[in-house]
Protein chains: 2
Amino acid sequence: MITIARQGTFRITMTKLTRKQQIDKQAAVLFKTKGYAASSMRDLAQVLGIEAASLYSHIKSKEEILRRICFRMAEAFFTAQKQIESLHSEPKLQLKKAMAVHLKVIAGSVDEAAVFFHEWRHLSEPYLSEFLVMRTDYERKFIAILEQGIATKVFRAVDAKLTAMTILSAINWVHRWYRSDGKLSIEQISEQLAEMMIRGVKS
Amino acid sequence: MITIARQGTFRITMTKLTRKQQIDKQAAVLFKTKGYAASSMRDLAQVLGIEAASLYSHIKSKEEILRRICFRMAEAFFTAQKQIESLHSEPKLQLKKAMAVHLKVIAGSVDEAAVFFHEWRHLSEPYLSEFLVMRTDYERKFIAILEQGIATKVFRAVDAKLTAMTILSAINWVHRWYRSDGKLSIEQISEQLAEMMIRGVKS
DNA sequence: CCTACCGATCGGTAGG
DNA sequence: CCTACCGATCGGTAGG
């Protein structure tokens, strides 16, 4: 399987995407703006300048597209998280880095991130369950960082789960308005949010 | 027009809702779980134990239900915000109270809040534009509180808009998991979140 | 990648 | 509130 990082570079360095990649990309844009259920295969075909029936030479079904987008993003988030896990830094720095890599993944694929955050519920079983398990696993890492910080008295005695989810909701929300050509770079946003959250929880 | 506060009490004190109110309530539950576009009038009718066609003696269209839910929530948020505006407290307390009343509105109508936050994009014009203007107006109040705090040096020199939106995303996320019978009361959640956010922005 | 088409389901109406 | 039904649109297939 192609890794997200490789594919991200691919997308930036050259504009020549395969038809399947074009379908996934335009589907992400469409699903983000109209929602999965309200987006028709005819809408998607029109954006690509082909007939709806022609889409099926490249894909199996509408849901398969959604599946690819959701699981590819999940993989990207996990890959990013694994990279910071090996660092074994102290809780504050670990939280800051976890936020930074998470935001970097979002910034690299805003449309896909929006689909990941809002359209996953249209996945059918067993994919839906698999997706939710992965998401919970991912969130657990943030909770663990908080708990470790609380145990070592670096952080106040906050509710670890409530706080972790609050931090995640704050950074996830960035996908709604972030533009790579905006006045704030993703690093600046990351810096400000980490500063705010760490001040919020430190002893 | 009936105010939200009145209606909230109504809903708690007696179970006898008009058919139209039952439709709105069940539609909110349905739209929250399946999404507006994926929810059919036949789904809604089934929950109510009637035929789909029968819904139309009480409502004009599917979108009219969505409209009522979204604008009723908007009204509730505004009513709550106006109440704290008259207090003229200092920025920290003002922020804390703005967060508290916002969370109280969410806790009072979790299903409707979910629809308000996620399904508004299915509104057609001119309602969509009207909705977005109201939302921006509401958010502006949070930005103003931040700006005032920064100007009086009570808060650090953060980006007021980024910070206000971060706070809003953190408190809006509560609707996804809050249960009135959960271990944390809405007042406790409100207290913890306000503490964290104020520590995050204070000088 | 297209034309031609399918059965299913959609929101909604007529008339009682 | 129901039966009966509508035109439109949906995801997807057959066959080239």
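By convention in this document, chain letters (A, B, ...) are assigned in the order of the sequence lines, proteins followed by strands, and residues within each chain are numbered from 1.
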Expressed as a whole number of angstroms, how long is the span from [X]:[atom1] to [N]:[atom2]?
X	N	atom1	atom2	answer
I50(A)	dC2(C)	CD1	C1'	10 Å
L48(A)	dC1(C)	CG	P	9 Å
I23(B)	dC1(D)	CD1	P	8 Å
L55(B)	dC2(D)	CG	C1'	12 Å

### Query
Are any non-hydrogen side-chain atoms of K97(A) and L93(A) less than 4.5 angstrom apart?
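K97(A) reaches L93(A) side chain to side chain.
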### Message
Whether E119(A) and K32(A) form a salt bridge (side-chain N of Lys/Arg under 4.0 Å from carboxylate O of Asp/Glu) is what I want to check.
### Response
no
### Query
Between K96(A) and E195(A), is there a salt bridge with N-O shorter than 4.0 Å?
no
### Message
Around atom CD of Q46(A), are there more than 12 heavy atoms from other residues, nucleotides or ligands closer than 6.0 Å?
### Response
no
### Query
Does a sphere of radius 6.0 Å around OH in Y178(B) hold more than 12 heavy atoms from other residues, nucleotides or ligands, not counting ones at 6.0 Å or beyond?
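More than 12 within 6.0 Å, yes.
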### Charged tip of K141(B) within 45° of F78(B) ring normal and under 6.0 Å
no
### Counter-base of dG16(D), judged by Watson-Crick or G-U geometry with both distances under 3.5 Å
dC1(C)
### Distance below 4.0 Å between S57(B) side-chain N/O and dC1(D) OP1 or OP2
no
### Message
Walk along nucleotides 6-12 of chain C from 5' to 3' and tag each nucleotide B, S or - by protein heavy-atom contact under 4.0 Å, base first, then sugar-phosphate.
### Response
----BBB
